[in-house]
Amino acid sequence: MLDIRLIREQPDFVKERLATRGGDDAAKIDEVLRVDVERRRAETQLQQFNADRKRLSKEIGGKRSRGESSEELEAQVRAIGEEIARVTSDAAAGEEQQKNLLLGIPNLPHPQAPIGRTAAENPVVRSWGEQPQFAGEVLDHVSLGAKLQLFDLERAAKLSGSGFICFTGAGARLERALIQFMLDLHTQEHGYTEMSPPFLVRRDCMIGTTQLPKFEEDMYGLEENQLFLAPTAEVPVTNFHREEILAASELPKKFVAYTPCFRREAGSAGRETRGIIRVHQFDKVELVKITTPESSFEELEALTADAERVLQLLGLYYRVIELCTGDVTFGSAKTYDIEAWSPGQNAYLEVSSCSNFMDFQARRMNLRCKDAEGKNRFCHTLNGSGLALPRVFAALIESGQQPDGSVRLPEVLHRYFGAAEIR
RNA sequence: GGUGAGGUGGCUGAGUGGUCGAAAGCAACGCUUUGCUAAAGCGUCGUAGUCCAAAAGGCUACCGAGGGUUCGAAUCCCUCCCUCACCGCCA
């Protein structure tokens with residue numbers, strides 16, 4: 001959520017920044033400004049009426065205690081009460097309207113963000129490793145998975161429909177090994193605190209981290225009790241401190257959490273849906289940081305490096321791209337995507353998206369920090385996958401495939417998996 | 001799921017219709033005293049919105065949330081949420 005004060009004071013600047021996203025947000029800014037004027041007018045009126053009522057009511061109290069008549073005053077206050085009822089609903093409606101508008105306006109992209117309209121314009125920041133070369137035929141993860149019986153998509157469909165995975169045997173064990181490896185790496189070497197949060201979250205949390213109200217069609221919800229299946233651990237973990245005031249001295253907070261992630265993927269049927277790379281439920285290890293406003297951008301670099309380290313230790317070839325203004329997600333000011341190379345698809349797979357939301361989420365969840373002078377400010381929040389499992393799984397088995405059909409595993413996984421290869 | 005007790009400022013805790021945004025204590029911060037520490041004394045010490053060109057200052061709202069009664073609600077009534085205790089059920 002953008003600061004209404006910023007919009008009020010520098011509307012042209014805000015429109016300019018939003019225009020780089022390519023959407024039509026200028027009209028929303030004008031609308032929110034119009035509502036803001038009305039809202040404040042109603043609020044000022046309401047305050048005046050309230051002040052009058054308060055003053056007169058006290059006079060009534062005084063008169064009564066002295067045994068004097070107060071009927072005239074009471075009639076006056078009753079009349080004010082009617083005005084108050086009227087203006088209150090105006091003010092409440094204005095506030096509601098303003099809030100709804102603000103919730104629908106995306107974050108301002110970082111001033112240095114690359115300008116562009118589509119993913120094609122995202123610059124590559126760096127790449128790591130060597131693209132693996134194979135002498136013979138290269139199998140993709142679907143063929144490899146079938147051969148080695150690592151997962152079963154047909155039978156998973158019997159359970160839950162298309163878009164679900166059932167890992168089996170060595171596949172299930174590899175999935176577990178990867179989770180364990182990532183959690184240990186981030187907690188033991190990168191200083192993150194492990195969390196194991198609820199997978200069902202309240203509506204307010206989904207609003208806090210910007211999944212709602214805009215993307216409701218992509219979420220699984222449980223109508224009866226108004227809970228949602230978290231589409232990422234970002235939701236429960238970032239909201240952990242919602243509505244709190246943290247001491248700046250205890251920041252940054254660094255959390256890592258493994259959770260399954262639930263996504264309806266409405267509208268993406270047929271797109272990159274082969275195998276296990278786009279599914280309705282997948283495992284992910286997520287990194288979350290809560291920082292002071294000053295340090296968030298350097299923390300973003302560190303967080304991205306922490307995520308990259310997973311791929312480096314797994315020995316997977318990857319590249320990092322920065323999202324251009326037209327591709328950066330709704331709440332983010334700056335995002336790096338990490339893409340692992342998939343030999344089977346001859347393409348890069350997005351395995352992590354590391355974003356700095358600045359105060360955009362914090363404002364929605366009223367998450368603040370108190371600095372040394374005792375001043376309260378909104379925190380900055382960041383997150384990034386560290387990493388998304390199925391795609392890493394796919395890249396890993398495709399990259400490690402050997403001519404005899406077996407899969408060689410990187411050394412870091414040996415003790416977690418219990419063997420050096422899958423055959 | 002049932003019954004009972006509760007939810008007040010960073011914490012403890014008073015306050016059952018009228019200058020209560022809220023006593024008191026603790027914690028915190030500042031100053032004074034002091035050779036240092038300790039102790040003592042004094043002072044400051046919630047959040048947000050709004051008015052004003054801005055500062056100073058004013059005003060309003062907030063005592064779990066939302067409604068209601070009343071001239072006036074932290075206080076009375078209703079609904080909901082949460083916490084605790086006991087009972088039932090259960091991985």
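Naming convention: chains lettered A, B, ... in sequence-line order (proteins, then strands); numbering from 1 in each chain. The analysis underlying the following values was restricted to heavy atoms, covering all of them including side chains, and did not include hydrogens, waters or symmetry mates.
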*Asks:* Please check the phosphate of B:C51 (OP1 and OP2 only) for any side-chain N or O of A:Arg40 closer than 4.0 Å.
*Replies:* yes
*Asks:* Mind checking side chain to side chain donor-acceptor pair (under 3.5 Å) for A:Gln98 and listing every partner two or more places apart, or none if nothing turns up?
*Replies:* A:Asp36, A:Arg39
*Asks:* I'd like to know if the side chain of A:Glu299 pairs up with that of A:Thr291 as donor and acceptor (distance under 3.5 Å, no hydrogens or angles considered).
*Replies:* no
*Asks:* Using atom C1' of each nucleotide, how far apart are B:C77 and B:U16 to the nearest Å?
*Replies:* 14 Å
*Asks:* Rounded to the nearest angstrom, tell me the gap between atom CG in A:Leu367 and atom C1' in B:A48.
*Replies:* 16 Å
*Asks:* How about A:Gln211 and A:Thr209: does a side-chain donor come under 3.5 Å of a side-chain acceptor?
*Replies:* yes
*Asks:* Go through the structure and list residues passing side chain to side chain contact (heavy atoms under 4.5 Å, CB included) with A:Arg41, not counting sequence neighbours.
*Replies:*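 Partners of A:Arg41 under the side chain to side chain contact (heavy atoms under 4.5 Å, CB included) test: A:Glu38, A:Gln45.
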*Asks:* Using the P atom as the reference point in each nucleotide, state the distance between B:C81 and B:C26 in Å, no decimals.
*Replies:*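 Comparing P positions in B:C81 and B:C26 gives a spacing of 40 Å.
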*Asks:* Which pair of heavy atoms, one from A:Phe357 and one from A:Asn107, lies closest together, and at what distance?
*Replies:*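 The pair with the smallest heavy-atom distance is O-ND2, 3.2 Å.
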*Asks:* Any side-chain N or O of A:Arg5 below 4.0 angstrom from OP1/OP2 of B:G49?
*Replies:*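 Yes, such a contact exists.
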*Asks:* Determine the interatomic distance between C1' on B:U12 and the same-named atom on B:A22; round to the nearest Å.
*Replies:* 16 Å
*Asks:* Between C1' on B:G72 and CZ on A:Phe49, what's the gap in Å once rounded to a whole number?
*Replies:*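 Value for this atom pair: 18 Å.
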*Asks:* Of A:His141, A:Arg391, A:Glu398, which is the lone residue that meets side chain to side chain donor-acceptor pair (under 3.5 Å) with A:Ser342?
*Replies:*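 That would be A:Glu398.
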*Asks:* For A:Asp327, is there an ion pair with A:Arg21 - N to carboxylate O distance below 4.0 angstrom?
*Replies:* no
*Asks:* Please report, rounded to the nearest Å, how far the C1' atom of B:U50 is from the CD atom of A:Gln98.
*Replies:*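 That distance rounds to 13 Å.
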*Asks:* Considering only the P atoms, how many Å lie between B:A65 and B:G7, rounded to the nearest integer?
*Replies:* 13 Å
*Asks:* Between A:Leu73 and A:Arg39, just flag the one whose closest nucleotide in RNA chain B comes earlier from the 5' side.
*Replies:* A:Arg39
*Asks:* Examine the side chains of A:Glu16 and A:Gln10 and answer whether a donor and an acceptor come within less than 3.5 Å of each other.
*Replies:*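 The answer is no; no qualifying pair exists.
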*Asks:* Round to a whole Å and report the spacing from CD of A:Glu43 to P of B:G49.
*Replies:* 10 Å
*Asks:* For a quick check, with a 4.0 angstrom heavy-atom cut-off, what is the B/S/- contact string for nucleotides 59-65 of chain B, read 5' to 3'?
*Replies:* BSS----
*Asks:* Determine the Euclidean distance between corresponding P atoms of B:U44 and B:G25; express it in Å to zero decimal places.
*Replies:*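 The answer is 14 Å between these two P atoms.
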*Asks:* Contact list please: residues 75-84 of chain A against RNA chain B, heavy atoms, distance less than 4.0 Å, in numerical order.
*Replies:*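 Listed by number, they are A:Val77, A:Arg78.
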*Asks:* Among B:U19, B:U50, B:U47, which nucleotide sits nearest the side chain of A:Lys58?
*Replies:*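 Nucleotide nearest to A:Lys58's side chain: B:U19.
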*Asks:* For the side chain of A:Ser399 and the backbone of A:Leu396, is there at least one donor-acceptor N/O pair under 3.5 Å apart?
*Replies:* no
*Asks:* Please report, rounded to the nearest Å, how far the P atom of B:A48 is from the CG atom of A:Asp3.
*Replies:* 12 Å
*Asks:* Have a look at A:Arg8 and say if it touches a base, only the backbone sugar-phosphate, or nothing, with a 4.0 Å heavy-atom cut-off.
*Replies:* sugar-phosphate
*Asks:* Rounded to the Å, how far apart are A:Glu72 CD and B:G72 P?
*Replies:*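 These atoms are roughly 17 Å apart.
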*Asks:* Determine yes or no for a side-chain-to-main-chain donor-acceptor pair under 3.5 angstrom, with A:Gln401 supplying the side chain and A:Val407 the backbone.
*Replies:* no
*Asks:* Rounding to a whole Å, what distance do you find between A:Ile60:CD1 and B:G17:C1'?
*Replies:* 13 Å
*Asks:* I want to verify a distance call: between B:U47, B:U50, B:G18, whose nearest atom is closest to the A:Asn376 side chain?
*Replies:*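 Given the options B:U47, B:U50, B:G18, the side chain of A:Asn376 is closest to B:U47.
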*Asks:* Figure out the NZ/C1' separation between A:Lys63 and B:U19, and round it to whole Å.
*Replies:*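 Roughly 17 Å, once rounded to whole Å.
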*Asks:* Enumerate, in order of first residue number, the stems that involve RNA chain B, defined as 3 or more consecutive Watson-Crick or G-U wobble pairs with both distances under 3.5 Å.
*Replies:*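 If one scans RNA chain B for consecutive Watson-Crick or G-U pairs, the stems found are B:1-7 with B:81-87, B:10-12 with B:24-26, B:28-32 with B:40-44, B:46-51 with B:57-62, B:64-68 with B:76-80.
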*Asks:* Can you tell me, in whole Å, how much space there is between the P of B:U75 and that of B:A61?
*Replies:* 14 Å
*Asks:* Measuring only the P atom in each nucleotide, how far is B:G9 from B:G15? A whole number of Å is fine.
*Replies:*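 Taking atom P in both B:G9 and B:G15, they lie 16 Å apart.
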*Asks:* Go nucleotide by nucleotide along RNA chain B from the 5' end; which of A:Gly62 and A:Ile245 gets its closest nucleotide reached first?
*Replies:* A:Gly62
*Asks:* Given B:U47, B:C71, B:U50, identify the nucleotide with an atom nearest to the side chain of A:Glu74.
*Replies:* B:C71
*Asks:* State yes or no: are the ring centers of A:Phe215 and A:Phe330 separated by less than 6.0 Å?
*Replies:* yes
*Asks:* Check step by step if side-chain hydrogen bond (donor to acceptor under 3.5 Å, both in side chains) holds for A:Ser296 and A:Asn356.
*Replies:* CA-CA 7 Å; A:Ser296 63; A:Asn356 182 2; 3.0 Å; yes
*Asks:* Using the side chain to side chain contact (heavy atoms under 4.5 Å, CB included) criterion, which residues pair with A:Ser162? Sequence neighbours excluded.
*Replies:*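 Per chain and number, A:Ser162 pairs via side chain to side chain contact (heavy atoms under 4.5 Å, CB included) with no residue.
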*Asks:* How far, in whole Å, is B:A24 from B:C84 if one measures between their P atoms?
*Replies:* 32 Å
*Asks:* Parallel, tilted or perpendicular: which describes the rings of A:Phe393 and A:Phe167, with under 30° parallel and over 60° perpendicular?
*Replies:* tilted
*Asks:* Quick one: is A:Arg202 getting a side-chain N or O under 4.0 Å of the B:C81 phosphate, OP1 or OP2?
*Replies:* no
